[in-house]
**Student:** 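So that we are looking at the same thing, I have put the structure below in structure tokens.
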Amino acid sequence: MKNVILSISMVLLILLACDERETELASGILITKVDYSGCFSTQNPSLKTTSGLINDSLSIEGDQYVLYLKADMVYNCCGALKDSSVIKDNIVNIYIYDSCLQDCLCKCLCLFKFKFSVTGYYGKTTSFKIYLKGYNVKDYSLWKELIYIDK
């Protein structure tokens with residue numbers, strides 16, 4: 001009886017010793033949150049321009065638990081950008097499309113900022129591909145891509 005209790009205690013101790021990181025490793029890559037700023041906010045008209053002073057960019061920042069994929073997209077300031085994603089085999093495909101229905105074209109550009117919070121990347125090589133389908137465009141085209149290698 002003592003051996004059974006000791007065995008059960010050992011198993012419970014081992015299970016309790018597993019940290020959150022091991023659970024994340026088993027779960028796979030996920031986009032847990034998306035933050036929108038820049039032209040998504042009507043509060044910041046200074047991000048609108050008719051000159052070429054703003055640029056597209058794609059970058060990665062992070063800490064030991066969350067990777068932040070930051071996409072800054074210069075787009076028509078009357079656009080209504082929406083996003084979705086598909087993740088398979090360590091490839092994160094993000095689809096951004098213009099959902100504007102009326103008054104969709106303006107003579108200015110604006111910087112739309114996306115910040116994707118990604119988990120489950122630990123110990124993996126992850127490919128990020130962002131596709132764009134603009135206003136009145138039939139198909140998506142590759143906007144930018146980036147590969148992240150976690151060692």
Side-chain angles (χ1 to χ4, degrees), residues 4-49 52-101 104 109-151:
V4 171
I5 293 174
L6 183 60
S7 297
I8 291 173
S9 298
M10 293 292 282
V11 169
L12 288 174
L13 183 62
I14 291 170
L15 289 175
L16 292 174
C18 292
D19 68 6
E20 184 178 307
R21 209 70 184 129
E22 292 173 20
T23 304
E24 183 179 302
L25 281 172
S27 67
I29 298 170
L30 293 171
I31 294 177
T32 57
K33 180 180 172 187
V34 183
D35 292 319
Y36 305 95
S37 61
C39 290
F40 288 106
S41 169
T42 57
Q43 308 289 319
N44 198 346
S46 65
L47 293 172
K48 296 180 181 179
T49 182
L53 299 176
I54 53 179
N55 295 311
D56 289 335
S57 69
L58 183 62
S59 63
I60 290 181
E61 294 177 1
D63 57 35
Q64 62 186 164
Y65 298 108
V66 180
L67 193 66
Y68 301 102
L69 179 70
K70 298 168 107 182
D72 292 352
M73 182 176 286
V74 177
Y75 194 76
N76 186 294
C77 42
C78 289
L81 298 183
K82 303 286 184 187
D83 63 274
S84 63
S85 62
V86 176
I87 302 170
K88 184 176 180 184
D89 299 328
N90 298 339
I91 300 172
V92 178
N93 293 304
I94 297 171
Y95 299 92
I96 298 174
Y97 61 95
D98 190 340
S99 65
C100 184
L101 298 175
C104 300
L109 296 174
C110 202
L111 189 62
F112 290 85
K113 296 177 163 233
F114 299 84
K115 183 178 176 184
F116 300 92
S117 299
V118 180
T119 60
Y121 64 90
Y122 186 75
K124 299 175 183 171
T125 297
T126 307
S127 177
F128 295 94
K129 295 182 180 186
I130 299 182
Y131 297 90
L132 174 65
K133 184 167 83 168
Y135 174 71
N136 262 352
V137 175
K138 197 173 195 176
D139 296 315
Y140 285 94
S141 60
L142 182 64
W143 176 71
K144 288 199 178 287
E145 64 182 318
L146 190 93
I147 295 177
Y148 178 77
I149 301 170
D150 189 58
K151 296 180 182 184

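What's counted below: heavy atoms across the whole structure, side chains too, no hydrogens, waters or symmetry copies. Remember, predicted model here, so these are calculated numbers, not experimental data.
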**Student:** Quick one: pull up CD1 in Ile94 and CG in Leu58 and give me the separation to the nearest 0.5 Å.
**Tutor:**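 That separation rounds to 8.0 Å.
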**Student:** Is there a donor-acceptor pair closer than 3.5 Å between any side-chain N or O of Asp98 and the backbone N or O of Ala80?
**Tutor:**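 Side chain of Asp98 to backbone of Ala80, a donor-acceptor pair under 3.5 Å: yes, one is there.
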**Student:** Please evaluate residues Phe114 and Ile130 with respect to the criterion side chain to side chain contact (heavy atoms under 4.5 Å, CB included), reporting the C-alpha separation (whole Å), side-chain torsions for both, the decisive distance (0.1 Å), and the verdict.
**Tutor:** CA-CA 11 Å; Phe114 299 84; Ile130 299 182; over 6 Å; no
**Student:** Can you label the angle between the Tyr148 ring and the Tyr121 ring as parallel, tilted or perpendicular, going by 30° and 60°?
**Tutor:**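 Answer is perpendicular, since the angle exceeds 60°.
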**Student:** Output yes when a side-chain donor or acceptor of Asn90 lies under 3.5 Å from a complementary backbone atom of Thr126, and no otherwise.
**Tutor:**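 No, the answer is negative, given that no donor and acceptor are paired below the 3.5 Å cut-off.
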**Student:** Kindly write out the residues that satisfy side-chain contact (heavy atoms from CB on, under 4.5 Å) with Leu101, not counting sequence neighbours, or none if the list is empty.
**Tutor:**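 With neighbours one apart ignored, the set is empty.
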**Student:** Could you check Tyr36 against Phe112 for ring-ring contact (aromatic ring centres under 6.0 Å, His included), going step by step and ending with a plain yes or no?
**Tutor:** CA-CA 8 Å; Tyr36 305 95; Phe112 290 85; 10.0 Å; no
**Student:** For residues Trp143 and Leu132, report the shortest heavy-atom separation together with the two atoms involved.
**Tutor:**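 Minimum heavy-atom separation between Trp143 and Leu132: CB-CB, 4.2 Å.
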**Student:** Test Val92 against Leu69 for side chain to side chain contact (heavy atoms under 4.5 Å, CB included), laying out the working first.
**Tutor:** CA-CA 11 Å; Val92 178; Leu69 179 70; 5.7 Å; no
**Student:** List the atom of Tyr135, the atom of Cys100, and the distance in Å for their closest heavy-atom pair.
**Tutor:**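 Nearest heavy atoms, Tyr135 then Cys100: CE1-O, 3.9 Å.
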**Student:** Can you tell me how far OG of Ser117 sits from NZ of Lys70, rounded to the nearest 0.5 angstrom?
**Tutor:**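 Here the interatomic distance stands at 10.5 Å.
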**Student:** Can you name the nearest heavy-atom pair linking Asn55 to Val74, along with the distance?
**Tutor:**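 Taking Asn55 first and Val74 second, the nearest heavy atoms are C-CG2, 3.5 Å.
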**Student:** Let me confirm one number: the OG-NZ distance from Ser57 to Lys113, rounded to the nearest 0.5 Å.
**Tutor:**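 Spacing of OG (Ser57) from NZ (Lys113) equals 7.5 Å.
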**Student:** Could you walk me through whether Ile60 and Phe128 satisfy the side chain to side chain contact (heavy atoms under 4.5 Å, CB included) test, starting with their C-alpha distance in whole Å, then the side-chain angles of each, then the deciding distance to 0.1 Å, before giving a yes or no?
**Tutor:** CA-CA 10 Å; Ile60 290 181; Phe128 295 94; 3.9 Å; yes
**Student:** Indicate yes or no: at least one non-hydrogen side-chain atom of Phe40 is less than 4.5 angstrom from one of Leu81.
**Tutor:**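 Side chain of Phe40 against side chain of Leu81, heavy atoms only: contact under 4.5 Å found.
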**Student:** Roughly how far apart are Leu30 CG and Ser85 OG, rounded to 0.5 Å?
**Tutor:**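 The distance works out to 9.5 Å.
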**Student:** Shortest non-hydrogen contact from Lys133 to Lys138?
**Tutor:**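 The pair with the smallest heavy-atom distance is CD-O, 3.5 Å.
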**Student:** Do the side chains of Thr125 and Ile147 get nearer than 4.5 Å, heavy atoms only?
**Tutor:**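 In contact.
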**Student:** Atom SG in Cys77, atom CG in Leu111: separation rounded to 0.5 Å?
**Tutor:**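 Here the interatomic distance stands at 11.5 Å.
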**Student:** Listed by chain and number, what are the side-chain hydrogen bond (donor to acceptor under 3.5 Å, both in side chains) partners of Tyr68, not counting sequence neighbours?
**Tutor:**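 With sequence neighbours excluded, Tyr68 shows a side-chain hydrogen bond (donor to acceptor under 3.5 Å, both in side chains) to no residue whatsoever.
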**Student:** Is Lys124 close to Asp150 at the side-chain level, that is, under 4.5 Å between some pair of heavy atoms?
**Tutor:**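 Answer no - side chains too far apart.
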**Student:** Shortest non-hydrogen contact from Ile96 to Tyr140?
**Tutor:**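 Nearest heavy atoms, Ile96 then Tyr140: O-CE2, 3.5 Å.
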**Student:** How long is the gap from CG on Leu146 to OG on Ser59, to the nearest 0.5 Å?
**Tutor:**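 Here the interatomic distance stands at 8.0 Å.
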